[in-house]
Each structure stands twice: as C-alpha cells, then as structure tokens.
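By convention in this document, chain letters (A, B, ...) are assigned in the order of the sequence lines, proteins followed by strands, and residues within each chain are numbered from 1.
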Amino acid sequence: MISTINRHARVCPECGNPKVSHNKEKGEIICIDCGLVLEEKMVDFDKEWREFDSNDTSQRRSGAPMTYTQEDRGLGTQVGVKSDLSKFDRRTKQKFYRFRKWQSRVASGLEHNLREALAEIKRISSNLNLPKVVEEEAARIYTLAAQRGLVRGRSLEEVAAGAIYISCKINEIPKTLNEISDVSGIIKNEIIKNSKFVARELNLKVLPINPVNYINKFASYLELSPKTQTKAVQIIHKAQKEGMTSGKSPRGIAASSLYAACLICGEKKTQSKIAEITGVTEVTIRNSFKEMADKLKLRKEVEKGSKIFKQTKETKKKAVTA
DNA sequence: ACACGTAGAGAACTGGT
DNA sequence: ACCAGCACTCTACGTGT
C-alpha cells in the first residue's frame with residue numbers, strides 16, 4: 001500500500017531530479033539538487049522500541065493505520081466530544097472545552113482546507129463506489145497539491161474532483177468525466193483543467209496501461225494455453241513497434257491480440273466471448289484485429305491456424321462417431 | 001450462433017483563435 | 001476560455017455463413 005501510494009513522488013517536480021533524500025528525523029523527503037520538500041509529515045516505519053506484552057518478545061507498533069483520507073493522516077489527537085466528558089466534574093469539563101476551542105483555533109489554513117477537501121473526496125468516492133485505494137490515492141494527490149500551494153486561488157471542490165479523476169486513471173478505474181462531474185457538481189472542463197494542472201505540477205505521469213499486463217488475466221479467464229498467451233504478447237510487441245497502440249484502449253489491444261493469437265494457434269474463441277471477458281465490444285475487437293491483420297501481416301498465419309483448428313475438430317468428430 | 005460491416009452518437013483529447 | 005476537429009469506442013442494427 002505504502003509503496004503504491006508513494007510511487008509518484010520520488011522525482012522532483014521542480015528540477016526533474018530522481019535523487020531525493022529521506023530525512024527520517026524531520027519526516028521529509030527532499031530533492032538533493034534544489035532542496036524542494038517533496039513530502040512532509042511522513043511516518044517512521046522503523047521498529048517500535050516499546051514492548052506491551054512481556055511474553056511477546058517481538059517489537060510492535062500500535063494504533064490505526066496511517067491514511068491520507070484524514071487531514072492529520074489519522075495520527076492526530078482530537079480533544080474529546082461532549083459525550084466523552086460526561087464522567088468529569090464541571091471544572092475539568094470546562095478545561096476540556098477550552099482545549100477544544102483552542103485546538104480548532106490553532107488549526108492552520110492548510111489543515112482546514114484539507115479537512116474540507118478530503119471530506120469532499122470521501123463523498124465523491126462513496127457516491128461513485130470507488131475502491132478504497134482510489135480514494136486514498138486521490139487524497140494523497142490533493143494533500144501534496146495543497147502542501148505545494150497549488151490549491152491557492154482555486155476552488156477546493158474543483159481540485160478535489162481533479163484529484164479523483166487522476167486517481168481513477170492511475171488505478172485503471174473506468175469512470176467517465178460525466179460521472180465525476182455529476183457527483184461532484186463541477187463542470188467537465190474544470191475537472192480536466194485542474195487534473196492537468198495538478199498532474200503537471202506534481203510531475204505525475206498518468207501513463208496508458210501496457211496491454212501486455214492484461215494478457216495473463218484474460219487468458220486465464222478464457223482458459224487459453226501458454227502458447228496462445230505467448231503469441232498474443234508477441235503480437236502486442238509487434239503492434240507497439242509499429243506504433244499501432246498509441247491512443248487506443250489497452251483492453252481493446254489486448255482483446256484483439258488474444259483473438260488473433262487464438263486464431264493463429266488453432267484455439268478458437270468467439271469474439272463475443274473475448275469481448276465479454278475483456279470488457280470491450282466485439283466491434284472494437286473486429287476493427288483492431290482487422291488493422292493488426294493488415295499491418296502486421298497476420299492473414300497467412302491466421303489461415304494456417306484455421307486449418308489446424310478445422311483438422312482437430314474433424315478428428316475429434318471422427319473419434320466420437322467411431 | 002457467429003462473424004462481419006456500417007451508421008450515428010458519445011467521450012476524451014488536441015490545437016487554433 | 002471557447003470551440004471545432006479528430007480518433008476512438010460504443011450501441012444498434014442488418015446481412016451472410
């Protein structure tokens with residue numbers, strides 16, 4: 001989890017330097033070149049020195065896990081609410097009320113902003129039924145943006161919606177701008193504008209997914225042989241070399257390459273079956289396959305595969321009738 | 001049932017003004 | 001900031017095998 005959510009923050013957005021220094025005492029990650037603080041208020045994940053159980057010699061940490069979905073990352077202390085104070089006498093209660101008042105007063109502008117924005121991110125995520133990891137990533141992106149002063153002069157709701165959009169893309173969650181716009185109440189253009197701005201300033205690379213990553217999963221659902229899988233990967237590599245994959249849906253590329261590989265290896269699966277598993281339509285598979293077959297000269301291989309498929313089908317038939 | 005083709009519409013992005 | 005244009009994908013058909 002930690003490695004996932006921190007993976008985008010290791011290159012300095014200011015000078016592009018990948019060399020960063022981790023100052024554990026201050027809980028900061030700093031660029032060695034320009035000194036820019038990339039991340040602050042980090043948590044030390046080293047061993048806990050205390051022991052709470054004499055029988056247990058292993059050293060443990062305690063408390064709830066750290067989360068970016070709270071402005072203090074779930075690590076802060078909150079002075080109790082009224083119900084917690086019921087057991088105290090009047091004087092003690094008044095003391096705690098004063099503490100609470102001061103706690104809210106001393107909270108910085110950034111903390112107030114984060115509290116509002118993270119609540120908004122939580123609300124949008126919940127309405128869109130987004131996985132926890134997407135909410136966490138969006139919260140992390142917003143927190144970094146706020147720490148770098150990118151929210152200043154912008155509406156926090158707009159930046160929050162932008163963070164959600166980036167997070168969905170990073171985590172491969174197919175949510176459309178319209179859906180995010182409907183739930184957040186922010187117009188599409190503003191979401192695009194803010195997500196681009198934040199991604200650029202934080203040096204977040206929202207790269208398209210490599211279609212090869214899908215092959216194993218889809219092939220397993222389709223119960224394809226390792227030979228067909230390898231062929232599909234080869235086809236994708238060829239297509240990538242020919243520059244056929246840019247701008248296209250990686251799922252579509254994976255689907256059509258699997259379809260082609262099935263035909264070539266004589267392991268026929270229908271377009272509708274592959275479409276069902278891969279989550280793209282038959283039309284997308286057809287169009288993409290047609291382009292691949294033409295540009296990568298797969299026609300001959302496909303014909304050969306079809307012959308093998310027919311032969312094996314006939315021998316199976318004969319075996320059954322015999 | 002499956003493969004293939006087409007039309008029209010929508011979503012997302014890009015570039016020009 | 002706005003808009004037009006573009007490439008891509010989708011739905012919804014019809015047709016052929």
Quick one: which of [options] gets closest to the side chain of [X]?
| X | options | answer |
| --- | --- | --- |
| A:K169 | B:dC13, C:dT11, C:dT9 | B:dC13 |
| A:S249 | C:dA12, B:dA12, C:dT9 | C:dT9 |
| A:T270 | C:dT11, B:dA3, B:dC13 | B:dA3 |

Between [X] ([atom1]) and [N] ([atom2]), how many Å, whole number?
| X | N | atom1 | atom2 | value |
| --- | --- | --- | --- | --- |
| A:K193 | C:dC3 | NZ | C1' | 15 Å |
| A:L263 | B:dC2 | CG | C1' | 13 Å |
| A:I166 | B:dC13 | CD1 | C1' | 16 Å |
| A:I180 | B:dA12 | CD1 | P | 8 Å |
| A:I192 | B:dG15 | CD1 | P | 14 Å |
| A:E291 | B:dC4 | CD | P | 16 Å |
| A:K188 | C:dA1 | NZ | P | 17 Å |
| A:R286 | C:dG16 | CZ | C1' | 13 Å |

Next item on the list: Examine distances only and state if a side-chain atom of A:S167 and a backbone atom of A:A163 form a donor-acceptor pair shorter than 3.5 Å.
Entry: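 No; judged by distance alone, with no hydrogens or angles, the pair does not exist.
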
Side-chain N or O of [X] closer than 4.0 Å to phosphate OP1/OP2 of [N]:
| X | N | result |
| --- | --- | --- |
| A:K269 | B:dA3 | no |
| A:Y259 | B:dC2 | no |
| A:K290 | B:dC4 | no |
| A:Q271 | B:dC2 | no |

Margin query: For A:R286, is there an ion pair with A:E282 - N to carboxylate O distance below 4.0 angstrom?
Written below: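 Salt bridge between A:E282 and A:R286, a charged N being under 4.0 Å from a carboxylate O: yes.
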
Checklist line | Atom pair CD1 (A:I141) and CD1 (A:I121), whose distance is rounded to the nearest 0.5 Å | finding: 8.5 Å

Check: For A:L177, which contact category applies under a 4.0 Å heavy-atom criterion: base, sugar-phosphate, or nothing?
Finding: sugar-phosphate

Notebook entry, point to check: Between A:E267 and A:K231, is any pair of side-chain heavy atoms under 4.5 Å apart?
Noted result: no

Checklist line | Stepwise side-chain contact (heavy atoms from CB on, under 4.5 Å) check, A:Y214 with A:I253 | finding: CA-CA 10 Å; A:Y214 286 119; A:I253 297 291; over 6 Å; no

